[in-house]
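Convention: sequence-line order gives letters A, B, ...; per-chain numbering from 1. Scope of the values below: all heavy atoms of this structure, side chains included, with no hydrogens, waters or symmetry mates. Nothing here was measured: the structure is a model prediction, and the numbers come from that model.
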Amino acid sequence: MTVVIDPASLVTPQTARFDTPLSLQSGAQLPAYELVYEMHGELNARASNAILVCHALSGNHHIAGYHSPADKKPGWWDNLIGPGKPVDTRKFCVIGVNNPGGCHGSTGPASIDPVTGQPWGSRFPLVTVEDWVAVQARLADRLGISQFAAVMGGSLGGMQALQWSISHPGRLRHCLVIAAAPRLTAQNIAFNDVARQAIVTDPDFHGGDYYARQVTPRRGLRLARMLGHITYLSDDVMGSKFGRILRNGAFSYGYDVEFEIESYLRYQGDKFADSFDANTYLLMTRALDYFDPAHRLGGGDLSRALTAAVADFLVISFTTDWRFAPQRSREIVHALLDNGRNVSYAEIDSAHGHDAFLMPDAHYHALVRAYMDRIDV
Amino acid sequence: MRQDFQTIAGWIRPGSQVLDLGCGNGELLRSLHEQRGVRGYGVEIAPERVLGCIRNGVNVIQRDLEGGLAEFAADSFDYVVLSQTLQAVRGTEAILREMLRIGREGIVTFPNFGYWKNRWQVLRGHMPVSADIPYQWYDTPNVHLCTMEDFETLCARLGIHILEQVVMTGGRRVRWLPNLAGSLAVYRFERVPR
């Protein structure tokens with residue numbers, strides 16, 4: 001099947017270079033860095049129609065549209081963002097940024113450290129959700145955006161949106177926090193650690209400095225992704241999609257692929273291991289673990305941590321998401337209610353687990369559309 | 001606008017904080033906001049009504065009322081409204097207590113089972129079907145229908161002090177023999193001061 005790509009949906013990523021050092025939450029400094037970003041739609045004269053889309057663990061700046069007519073797939077949130085879509089790029093200027101530490105163009109562990117002339121590798125500093133928000137704010141300054149109409153994101157991206165409302169309350173009017181949590185649970189951190197252990201114990205990891213050796217810890221990254229993938233799906237959807245279907249109709253009494261689910265997971269793991277950097281995976285999962293505004297700012301009390309937030313909120317969760325369960329979104333809602341903020345909360349009935357936030361569910365999209373339609377620009 | 005909304009709107013002080021339980025598409029909150037500068041939230045379980053609220057620009061929390069309302073702090077609202085929903089709630093006592101934990105005053109509306117047309121249908125051997133109880137017995141969300149006298153008895157038992165009561169039939173106020181002549185009851189109440 002040939003996909004005919006509308007020339008209007010072509011987008012060209014841009015790069016912004018920053019030479020002012022960035023002090024990170026850890027105390028380390030990022031001396032200089034580049035950010036890759038893309039913009040969909042026109043920024044209006046008052047720069048009042050900008051929307052920032054924050055990406056999740058494996059995401060990047062390529063939120064929608066195509067980079068070239070030869071692309072097989074559009075950006076990762078293309079079903080939501082675009083002309084006439086729920087986040088309508090005819091009304092809004094929608095911006096996606098690859099976070100530093102990433103592996104899709106922004107400065108990250110695979111980039112060259114100007115001091116040594118070698119890839120950063122293991123010396124790339126740990127960056128946090130707070131650091132990403134600080135960097136995104138610098139990009140907004142550069143683009144002349146003093147206040148976003150909305151900042152939005154799903155999962156780890158939702159955490160960034162939430163952090164925006166705390167770090168820069170006056171710089172966003174609306175905040176869309178989707179399939180997120182105010183902090184990870186022990187179970188969630190545990191999954192992240194198993195994923196990290198798979199990577200760091202891969203013989204090709206070399207303490208994170210594998211670039212010069214022309215190897216990658218592919219096996220570890222593949223396992224990490226396979227594990228992650230299991231947790232992003234619901235038991236139900238795995239059952240209905242794969243069940244116990246056998247690859248070849250009968251057992252072959254060995255350890256190669258027998259069940260379809262194995263084939264699927266291995267395929268997903270391979271695909272990911274070929275396109276993603278293991279150091280970035282480590283860093284992103286750590287940023288997830290560290291995020292905890294209640295602890296950092298509220299003495300354990302999320303309501304206190306959110307006293308600064310003045311944006312209007314739309315919080316969305318999905319019924320079968322057990323990695324970022326509805327209960328975690330309700331904690332955010334509770335804290336916003338305690339502060340008397342404008343907040344709406346929807347719990348979408350979906351079978352797709354955590355992945356649901358990326359799916360084109362009609363009701364979910366109708367909610368986002370209705371919310372975005374009411375935003376004045 | 002629904003007939004009980006005018007009465008409710010008339011009771012609510014301008015600029016106050018209102019929580020509307022079972023808020024539907026948010027029409028009441030929207031009109032309270034536009035006409036009386038009221039700030040509020042709705043609670044609704046049905047997805048299409050949650051969407052309706054968003055379209056109406058009303059804050060809405062998707063939630064099952066029966067699951068409790070723990071995210072709403074004590075005394076955080078001036079009024080908690082439960083319009084034409086009480087009869088469909090299983091935990092009747094629990095919801096009334098929650099209303100007065102969260103709000104300083106509660107407002108409920110419900111179809112009066114004691115309305116003479118309802119009684120007449122029962123006398124003739126049938127469960128009543130009317131403008132305010134528009135369901136067949138086998139296909140109804142209502143589980144706790146009551147008369148005005150029943151409601152007032154429960155309030156007395158729960159230490160709820162009724163402040164005001166309006167009874168309506170076909171949108172008109174009824175003042176004579178309300179429990180017989182009234183189809184829809186609207187109550188405003190508070191906790192009995194200790």
Side-chain angles (χ1 to χ4, degrees), chain A residues 86-87 150 173-179 182 301-304 306-307 310-319 321 326-350 356 361-376, chain B residues 15-30 32-34 37-81 98-99 101-104:
Chain A
V87 181
R173 298 195 295 282
H174 296 269
C175 187
L176 284 79
V177 180
I178 303 173
D301 181 354
L302 187 62
S303 301
R304 262 177 66 195
L306 288 178
T307 44
V310 291
D312 291 352
F313 280 79
L314 176 63
V315 180
I316 296 178
S317 73
F318 299 88
T319 49
D321 183 353
Q327 180 51 35
R328 317 310 316 288
S329 286
R330 278 190 227 121
E331 291 169 24
I332 297 171
V333 172
H334 190 164
L336 292 167
L337 287 170
D338 279 348
N339 285 296
R341 295 295 162 241
N342 284 321
V343 52
S344 284
Y345 170 62
E347 209 166 288
I348 313 283
D349 196 4
S350 163
D361 178 272
H363 176 61
Y364 163 41
H365 279 194
L367 278 172
V368 174
R369 183 186 293 278
Y371 192 86
M372 301 313 284
D373 280 353
R374 293 192 59 90
I375 295 181
D376 296 322
Chain B
S16 53
Q17 307 260 349
V18 176
L19 179 64
D20 185 2
L21 304 176
C23 65
N25 291 326
E27 291 98 342
L28 176 65
L29 283 170
R30 183 179 177 165
L32 285 174
H33 175 70
E34 286 168 357
V38 160
R39 260 183 57 79
Y41 301 85
V43 176
E44 180 56 59
I45 183 71
E48 66 281 5
R49 294 187 197 139
V50 171
L51 177 59
C53 287
I54 303 277
R55 289 192 174 133
N56 274 321
V58 166
N59 289 320
V60 61
I61 310 297
Q62 188 169 10
R63 188 135 187 27
D64 182 1
L65 292 178
E66 309 276 4
L69 297 162
E71 57 266 71
F72 296 99
D75 294 317
S76 53
F77 288 89
D78 298 305
Y79 305 91
V80 180
V81 177
E98 275 292 85
M99 287 176 75
R101 176 185 68 83
I102 298 164
R104 277 172 274 284

*Asks:* Taking side chain as everything from C-beta outward and backbone as N, CA, C, O, which of these in A/Val343 sits under 4.5 Å from a heavy atom of chain B? Side chain, backbone, both or neither.
*Replies:*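 Both parts, heavy atoms under 4.5 Å.
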*Asks:* Using only the distance criterion (under 3.5 Å, no hydrogens considered), which donor-acceptor pairs connect chain B with chain A?
*Replies:*
| unit_1 | atom_1 | unit_2 | atom_2 | d |
| --- | --- | --- | --- | --- |
| B/Arg39 | NH1 | A/Asn342 | OD1 | 3.0 |
| B/Arg39 | NH2 | A/Gly340 | O | 2.6 |
| B/Tyr41 | OH | A/Arg341 | O | 2.4 |
| B/Arg55 | O | A/Arg374 | NH1 | 3.0 |
| B/Asn59 | OD1 | A/Val343 | N | 3.2 |
| B/Asn59 | ND2 | A/Asn342 | OD1 | 2.8 |
| B/Val60 | N | A/Ser344 | OG | 2.9 |
| B/Val60 | O | A/Tyr345 | N | 2.7 |
| B/Gln62 | N | A/Tyr345 | O | 2.8 |
| B/Gln62 | OE1 | A/Glu347 | N | 2.8 |

*Asks:* From A/Leu314 CG over to B/Ile54 CD1, what is the distance, rounded to the nearest 0.5 angstrom?
*Replies:*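 Rounded to the nearest 0.5 Å, the CG-CD1 separation comes to 5.5 Å.
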